[in-house]
Amino acid sequence: MDRSIIHGHKNKQRIRVPVMFTWGMKRRLHKNVCRLFLLRTFYRETCKMAGEKKPFLRLPLSVKPVVYDLYLKPDLEKFTFEGKETISINILEPTNSITLHALDLKIKEVELKECDGSIFKPSVTLSAEDETVTLEFDKELKLGEAFLKFIFIGELNDKMKGFYRSKYVRISETGHQIEKYAAVTMSCTTHARKMFPCWDEPSLKAVFNISVGICNMSHQALSNMPVISDTIEENGDRLLKFQRTPIMSTYLVAVVVGEFDYVEDKDSDGVLVRVYTPVGKSDQGKFALEVAKNALPYYKDYFQVAYPLPKMDLIAIADFSSGAMENWGLVTYRESCLLVDPANTSAVRKQWIALVVGHELAHQWFGNLVTMEWWTHLWLNEGYASFVEFLCVEHLFPEYDIWTQFVTDTHIRALELDALNSSHPIEIPVGHPSEIDEIFDDISYNKGASVIRMLHNFIGDHDFRKGMNLYLNKHQYNNTFTEDLWLALEEASNKPVKAVMSTWTLQKGFPVISVEKETLNTDGSRTLSISQTKFTANGQVHGDGPLWMVPLTFSSSSSPNIVCHKDILSESQKDIIIPSSALSSSEWVKVNPSTVGYYRTRYTSELLEKFVPSISSKTLPPLDRLGLLDDLFALVQAGLSSTDEVLRLMLAMTDEDNYSVWTSMSNVLGKLAILLSNVEGETELLFKQYNQILLKKIFTKLGWTPQPNESHLDRMLRGLVIGRLVSSADPDIVSEAKMKFANHLSGKETIVADLRSPIYKACLSSGDETTFNQLLQLYRGTDLHEEKDRICRAMGASRNKNILKKVLDFAVSDEVRSQDTVFVIISVGASKVGRDLAWQFIQDNWSKLFNQYQGGFLLTRLVKNTTENFSSIEKAEEVENFFKQNGCVGAERTIQQACETIRLNAAWLKRDHEKLQHFLQGVVQK
């Protein structure tokens, strides 16, 4: 809910309501969106008044923090920490109480000192439910400055939230492994309150003077800013004091204490960049260092705003729940998202690390310098950074062809989730922290990035950069709403950005653009009859559904890489005339060249057939080939086309050699393989044979052995193709994989990193307990997290139930880090044999798993990936009933989405199974 509503007349913030749509948007669209907003508001207010649910309240605005003087001292033997802070506050309204956030902290002492020297000891009330501490005073506090002092202690927990402990291994002088620990912070989203009492909301910014006490002289301490003093205290402990931070939100506060090595360099502007690694692994930080030192100047040039801090540290953390966290000046990463071992890191992983570094450094401007006002606008942080990371990587590594990969990795994933009825708008009111966790999903990240890419294309790069500069300069060190971004881009481009983009952020879902008729006119021009309706995963069409303002682009067969015409579709149907100067009478016309628009396109069978020769010959650009394929597959899943149509189209793509197009093809094949694994009979075997037919040419071209000077994309493609053939149980591929695995174990031949994952899966899928134990030996023998992750995710490939049960037990053993447990269980649930085993394991261990992760995206990912591949109504009801009885705070929407997907799978199988089997028989028997 909007903060304005909760705080009423006391709130000094602007009241935000949906924008009035203009520029040709029908009144119906405006009324529908406004109605949606008002109904949502009315419902939540009614629930509050009726007492059905305790309302979530943001902190009172009577007091605001100005400066935190924060001292933390972790004890890495007892796993506790001591804390002291003095907060300079500004009392803005008469009050005799102060409420701020605190959770899982023991408050030992609190006092408030006014400017005249008066000291007050309040009563202290902690609320675990509200995650607050309330201080009650005997008298009304004076307006103006005061100083609030806390002394507190807390636990260095193992939940990877707040101030926590991360276990790592050091090799002693005698060669023995020694377990050690680092103290690490994860303040995002609302976990700073577990580290120190604070106003833990993004809009309540302050500056921080941070100091850290260290008991172990061999340890280092890092924080957002550089060290200004390092002294020895009377008790023999070290005291490190850091420079004052810029004004920033609490979720960006970072402290790390432990043993590390580092590599360093300076960027072209003299900013010191360091990559901190485990001891002895500094060489593995060199790739990330190179990316970071070049990314900072790139962003400075792109935004025309300098990076405002004197240093940038990137550090690899052994236990880390997410991929990375953009703490200002000290970005923390999971080891496998930062470290590159040239001999053991795959091309896919190296590219991923470049993207993750680019993403987190983009946040230093977009998120840290300018911050969303509340989590409703989370997508301003994540959607934008998810777009800009691709700009950065394209600049640094043009050989990656990264924008083609954007469509398969980001754009398509967003469309898949957003087609569900249980999706949500980009901007969705959130309150309690459990609600915030749920929107860290493919909508906030991937849809956000996709609609920004569409906007970038709509207004052009020059105006986009100009608008970014206006936005950052106007709002630096402050907080913003989505509309602030639209206004800056509108000012820069003189285009109706707010009117267009509000239809994409305030409504869930997206349209399907149907090309219903194509007419050649006497003057040589072409008329396309085009309509828009909301696309739904179940194929249902609602006549009075929402509308979008859709920037349309067109290309032609003579110049498929060039946009020959542009238009805007704001109504449900429109005849669009493409002038004769744009194309000849014999050319085909394609909607959405380069798959930039965030929508699906549907052609009649006759019009779609015209593209097939250009797909087969690859004269149609890769983005258009994969876009046509993915749109058709989405129509198949929705029941608007038959499954055999998409398989027939792929048979025209046997000469395909583009990595991103094959990624899209693999996505189709993978989803169909999972679907067909739910049925008995020969269909699954026929489908595997179809896969082998489709993949034969490209495998023959690539082979097993990397060629000298081959491209980055070919290295990734080889792993993808062999992985797909392994999934299809190709006997020759599996046999060769076993031989290479045996040579790898004996030391005769090392498997190249790009092929380890498919080879491990191939051997385990047809292996026995000996193979499983060999993989365990490899797991235990490596200290590279990437290799451990590869092995973990391969373990579920076994078809032996007894082995899979051992894999599940292994997943929750001390050998597997908590952050990786989820992915081991998911790997088991990915197969026909393991699906029921993994689901039963989750039910049997639910209390343990829920307590371990306490909500958060790891738990939602576990629930989603182990349930959504079922395909019966009974199983959907079973999943729903389990969570109704056992609960899953923070994953309610995920459960809805999973159960909706199960029902869609059931309908798909019932609709197409028989026809699909007949088609496959015809292909295989030829």
Side-chain angles (χ1 to χ4, degrees), residues 158-160 319-323 334 336 437 440-441 670 673-674 677-678 727 757 760-761 764-765 769 771-773 775-776 778-780 785-871 875-876 878-880 882-883 886-891 894-895 897-899 901-902:
D158 61 353
K159 309 298 183 186
M160 296 178 285
D319 292 302
F320 201 73
S321 60
S322 59
R334 186 182 288 218
S336 57
D437 285 338
F440 276 79
D441 62 6
I674 289 171
S677 70
N678 288 290
S727 299
S757 180
Y760 294 163
K761 290 177 181 178
L764 199 53
S765 67
E769 194 162 333
T771 312
F772 173 64
N773 289 329
L775 270 176
L776 272 181
L778 287 178
Y779 179 90
R780 291 164 179 161
H785 281 214
E786 178 188 346
E787 178 72 353
K788 286 184 180 290
D789 182 62
R790 259 195 297 262
I791 296 169
C792 278
R793 295 175 190 241
M795 285 183 172
S798 175
R799 298 173 190 168
N800 184 309
K801 284 189 177 182
N802 292 327
I803 292 176
L804 290 176
K805 289 176 182 177
K806 290 187 176 184
V807 173
L808 290 169
D809 290 337
F810 170 73
V812 292
S813 71
D814 292 338
E815 288 194 79
V816 178
R817 292 182 183 273
S818 173
Q819 67 197 31
D820 299 321
T821 294
V822 165
F823 300 104
V824 182
I825 300 172
I826 288 172
S827 78
V828 174
S831 72
K832 178 180 182 177
V833 180
R835 198 164 297 139
D836 285 306
L837 289 175
W839 169 231
Q840 189 61 52
F841 184 84
I842 289 172
Q843 294 175 82
D844 294 342
N845 294 274
W846 180 246
S847 295
K848 179 179 179 180
L849 291 166
F850 186 82
N851 290 333
Q852 175 61 45
Y853 298 109
Q854 298 182 348
F857 82 94
L858 282 175
L859 196 66
T860 58
R861 185 172 294 186
L862 176 65
V863 170
K864 170 184 167 66
N865 286 281
T866 52
T867 58
E868 68 177 4
N869 292 330
F870 290 115
S871 62
K875 195 59 85 170
E878 180 184 320
V879 172
E880 286 173 335
F882 175 80
F883 288 113
N886 294 275
C888 189
V889 176
T894 300
I895 294 162
Q897 291 166 352
C899 291
T901 301
I902 295 171

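- L808 contributes atom CG, which lies 12.5 Å from atom CD1 of I803 (distance to the nearest 0.5 angstrom).
- Atoms CG and CG, on N845 and N851 in that order, are 11.5 Å from each other to the nearest 0.5 Å.
- Minimum interatomic distance between C899 and A876 (heavy atoms only, all atoms of both residues): SG-O, 3.6 Å.
- A pairwise comparison of heavy atoms in S818 and M160 identifies OG-CE, 3.7 Å as the closest pair.
- Electrostatic pairing of D820 and R334 counts as a salt bridge here, judged by a charged N lying under 4.0 Å from a carboxylate O.
- The side-chain heavy atoms of D836 and F870, taken from C-beta on, include a pair separated by under 4.5 Å.
- Across all their heavy atoms, I895 and C888 have their closest contact at CD1-CB, 3.8 Å.
- For the atom pair NZ (K875) and CG (N869), the distance works out to 12.5 Å, reported to the nearest 0.5 Å.
- Residues satisfying the side-chain hydrogen bond (donor to acceptor under 3.5 Å, both in side chains) criterion with E868, sequence neighbours excluded, are K864.
- Side-chain polar atoms of Q840 and D844 form a donor-acceptor pair below 3.5 angstrom.
- Residues L775 and Y779 have side chains not in contact (no heavy-atom distance under 4.5 Å, counting atoms from C-beta outward).
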When the side chains of residues 791-799 are checked against the rest of the protein, which donor-acceptor pairs come out under 3.5 Å, sequence neighbours left out?
| residue | atom | partner | partner atom | Å |
| --- | --- | --- | --- | --- |
| R793 | NE | D789 | OD1 | 2.9 |
| R793 | NE | D789 | OD2 | 3.1 |
| S798 | OG | N800 | N | 3.1 |

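- Residues S757 and R790 are in side-chain contact: their nearest non-hydrogen atoms beyond the backbone lie under 4.5 Å apart.
- Interatomic distance, CD1 of I842 versus CG of L837, reported as 11.5 Å (0.5 Å rounding).
- In this pair, W839 and F883 present their aromatic rings tilted. The plane angle is within the 30 to 60° band.
- Contact detail for T894 and T860: the closest heavy-atom pair is CG2-O, 3.4 Å.
- Scanning both residues, V828 and A838, for their nearest heavy atoms gives CG1-CB, 4.2 Å.
- Listed by first then second residue, pairs satisfying side chain to side chain donor-acceptor pair (under 3.5 Å) with a partner in residues 805-817 read D319-R817, E769-K806, R780-E815, not counting sequence neighbours.
- Using a distance-only test at 3.5 Å, with no hydrogens or angles considered, no donor-acceptor pair links the side chain of W846 to the main chain of F841.
- Closest of all the heavy-atom pairs between V889 and F850 is N-CE1, 3.8 Å.
- Sequence neighbours left out, the pairs with a member in residues 823-835 that pass salt bridge (charged side-chain N to carboxylate O under 4.0 Å, His left out) are E684-K832.
- Residues passing the side-chain contact (heavy atoms from CB on, under 4.5 Å) test with T821, sequence neighbours excluded: A811, V812, V816, I825, Y853.
- For S322, the side-chain contact (heavy atoms from CB on, under 4.5 Å) partners two or more places apart in sequence, or in a different chain, are M186, F320, F857.
- In this structure, OG on S831 lies 5.5 Å from CG on L804, to the nearest 0.5 angstrom.
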Requested in this report: Start with the C-alpha gap between F823 and L862, add the side-chain angles, then the distance that decides, and say whether side chain to side chain contact (heavy atoms under 4.5 Å, CB included) holds.
Outcome: CA-CA 8 Å; F823 300 104; L862 176 65; over 6 Å; no
